[in-house]
Structure formats: structure tokens, C-alpha cells
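It should be emphasised that the depicted structure is a prediction, and the values quoted were computed from it without experimental measurement.
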Amino acid sequence: MSPSVKRFLEERGARYMVETHAPLISFEDAKSILSHDPAKMVKGLTFARPGGFAIVALRAADRADYKKIADALGLRRADLRLADGDHVRGELDMEQGGIVPLPIGSDRVLIDRAVLELDEIVCGTGRNTATLIIDRDVWLGIADGEVGEFAKAAPVAE
């Protein structure tokens, strides 16, 4: 776990668990490595923005709607970019595959409404070798996030 993430959680008295594991980067890695229900997994996508970063929390299987994210951040879609991994590591002390959707480093957190359907959040810890397991309401209480529609609509089955 990233020391800054651990400090953030402990300063707020948050109850949580951590599972250590082999490095993972993708949702496919997570499904094969983690013992948790993939439907409870939440990914954090980190975007560069003027003055810092924004982390978007989505269910791990969902795809981001870049237009909606850009609109929420007051950016043109053409200006929305995923943050560079080295920049995220240097500024937020988090690595790809381990992004935790919490306002570490005064980031803005956007939460896709579908994440609120989960009773437990399984997400990154700042490191891709450990996973945070935290009650949804505890996480919401410390995430200071803006809830909205940030995932693409699922295709309609015929």
C-alpha cells in the first residue's frame, strides 16, 4: 500500500482490509488474481487537468465515457487525457493498476453512479500488488466525490 494512501485512511479512522497479491494492471489480471467478486471491483482512472488530477471511479467492467468526464471537469473532450503513469507515480505516489479513487493530493474524485450499487468497494491501494477492501459507505464518507454518469451505457442485447 502506498504510504500516502495508508496515512489518508488512518487519519480519517477508516476501517478497511488489504489483500496482497501478484502485480496486476488490467481488469483481466484482477479477475484471475483476486479472490473477490469481479462485480465489486472498482477502477480508478486518473486524468491530468489544469492544476492537478481527477480520479474517476468506475465499476471495473465498465467503460469510461470520456465526453461526460470532460464535461464534468469543464474540459473539451479533445483536451481530456489520461495522466502519464510516471507523473501519477511522482505526484500521487500511485502506480498503474493500483489507483485508489480517493482525494489524495487534493485531486478531484468523480464517482460513477453505478458504483453506489455496490456494498463493498474493492480497488487499488496505490500499488498494483495490494488491493483495498472497504465498505461503500465508509469509502463514500472519505472520497469527497462528485456522483454522476461517467460510464458508457451498456449495449442493448437483442
Side-chain angles (χ1 to χ4, degrees), residues 1-36 38 40-70 72-112 115 118 120-134 136 138-148 150-151:
M1 172 180 280
S2 159
S4 58
V5 172
K6 184 175 184 178
R7 185 171 44 256
F8 182 90
L9 292 167
E10 289 177 354
E11 286 174 353
R12 285 149 184 83
R15 293 182 51 128
Y16 63 91
M17 296 184 311
V18 174
E19 178 182 321
T20 58
H21 47 73
L24 58 84
I25 300 293
S26 68
F27 181 50
E28 292 306 313
D29 291 343
K31 288 192 304 187
S32 65
I33 292 172
L34 297 179
S35 61
H36 296 276
K40 290 185 178 182
M41 295 178 193
V42 174
K43 63 185 169 190
L45 299 178
T46 309
F47 294 90
R49 65 182 185 90
F53 298 93
I55 297 176
V56 180
L58 299 167
R59 291 182 305 186
D62 290 346
R63 294 181 50 214
D65 187 320
Y66 283 66
K67 173 73 171 110
K68 290 178 181 175
I69 294 167
L73 296 174
L75 299 172
R76 293 181 321 133
R77 166 59 187 100
D79 295 332
L80 185 68
R81 300 271 181 270
L82 284 170
D84 174 72
D86 290 336
H87 193 206
V88 171
R89 176 72 184 229
E91 295 292 321
L92 303 180
D93 193 27
M94 293 188 216
E95 57 193 24
Q96 206 166 11
I99 302 298
V100 58
L102 290 171
I104 311 261
S106 71
D107 300 339
R108 207 162 147 199
V109 177
L110 303 179
I111 301 169
D112 185 68
V115 173
L118 306 174
E120 181 177 72
I121 305 296
V122 177
C123 64
T125 61
R127 300 292 180 263
N128 63 16
T129 56
T131 295
L132 177 69
I133 302 99
I134 189 168
R136 179 206 53 222
V138 171
W139 173 72
L140 281 172
I142 61 175
D144 193 28
E146 304 164 42
V147 176
F150 304 114

Contacts of Arg89 meeting salt bridge (Lys or Arg N to Asp or Glu O under 4.0 Å) (sequence neighbours excluded), chain-then-number -> Glu95
What one should report as the nearest heavy-atom pair of Gly145 and Ile111 is CA-CD1, 3.8 Å
Q) Taking C-beta and beyond as the side chain, do Tyr16 and Glu10 meet within less than 4.5 Å on heavy atoms? A) yes
Item to complete: Output, in order, the C-alpha distance, side-chain angles, deciding distance and verdict of side-chain contact (heavy atoms from CB on, under 4.5 Å) for Ile69 and Leu80.
Response: CA-CA 8 Å; Ile69 294 167; Leu80 185 68; 3.9 Å; yes
Here the gap from Arg59 atom CZ to Lys40 atom NZ, rounded to the nearest 0.5 Å, amounts to 13.5 Å
For Lys6, the side chain to side chain donor-acceptor pair (under 3.5 Å) test, sequence neighbours excluded, returns none
Checklist entry - Between Thr129 and Thr20, is a side-chain contact (heavy atoms from CB on, under 4.5 Å) present by the stated rule, with each step listed? => result CA-CA 6 Å; Thr129 56; Thr20 58; over 6 Å; no
Practice item. Check step by step if side-chain contact (heavy atoms from CB on, under 4.5 Å) holds for Val42 and Leu58. Key: CA-CA 6 Å; Val42 174; Leu58 299 167; 6.0 Å; no
Residues passing the ring pair (Phe, Tyr, Trp, His ring centres under 6.0 Å) test with Tyr66, sequence neighbours excluded, are Phe47
- Task: Any chance you could lay out the side-chain contact (heavy atoms from CB on, under 4.5 Å) test for Trp139 and Leu132, step after step, and finish with the verdict?
- Result: CA-CA 10 Å; Trp139 173 72; Leu132 177 69; 5.6 Å; no
ask   = Is there a donor-acceptor pair under 3.5 Å between the side chain of Lys43 and the backbone N or O of Val100?
value = no
Sorted by chain and number, sequence neighbours left out, salt bridge (Lys or Arg N to Asp or Glu O under 4.0 Å) with Asp84 holds for none
Using a 6.0 Å cut-off, check whether atom CZ of Arg77 has over 12 heavy atoms from anything other than its own residue.
yes
Across all chains, not counting sequence neighbours, the side chain to side chain donor-acceptor pair (under 3.5 Å) partners of Ser4 are Ser2
Contacts of Asp144 meeting salt bridge (Lys or Arg N to Asp or Glu O under 4.0 Å) (sequence neighbours excluded), chain-then-number -> none
Contacts of Val88 meeting side chain to side chain contact (heavy atoms under 4.5 Å, CB included) (sequence neighbours excluded), chain-then-number -> Thr46, Phe53, Ala83, Leu92, Met94, Ile99
Review point. Any side-chain heavy atom of Arg108 sitting closer than 4.5 Å to one from Leu73?
Key: yes
Given the options Asp65, Val115, Leu45, Asp112, Phe150 meets side-chain contact (heavy atoms from CB on, under 4.5 Å) only with Asp112
Closest non-hydrogen atoms of Pro103 and Ala143, given as atom of the first, atom of the second and distance, are CD-O, 3.2 Å
Sequence neighbours excluded, the answer for side chain to side chain contact (heavy atoms under 4.5 Å, CB included) partners of Ile133 is Met17, Glu19, His36, Glu120, Val122
d(Leu75 CG, Lys67 NZ) to nearest 0.5 Å is 10.5 Å
Taken in chain and number order and not counting sequence neighbours, the residues that satisfy side chain to side chain contact (heavy atoms under 4.5 Å, CB included) with Ala14 are Leu9, Ile134, Val138, Ile142
The side chain to side chain donor-acceptor pair (under 3.5 Å) partners of His21 (sequence neighbours excluded) come to Thr131
Original post:
Given side chains that start at C-beta, do those of Pro3 and Asp93 come closer than 4.5 Å, heavy atoms only?
Top reply: yes
Taken in chain and number order and not counting sequence neighbours, the residues that satisfy side chain to side chain contact (heavy atoms under 4.5 Å, CB included) with Arg136 are Ile121, Leu140
Across all chains, not counting sequence neighbours, the salt bridge (Lys or Arg N to Asp or Glu O under 4.0 Å) partners of Arg15 are none
Output for pair (Gln96 CD, Leu82 CG), nearest 0.5 Å, gives 8.5 Å
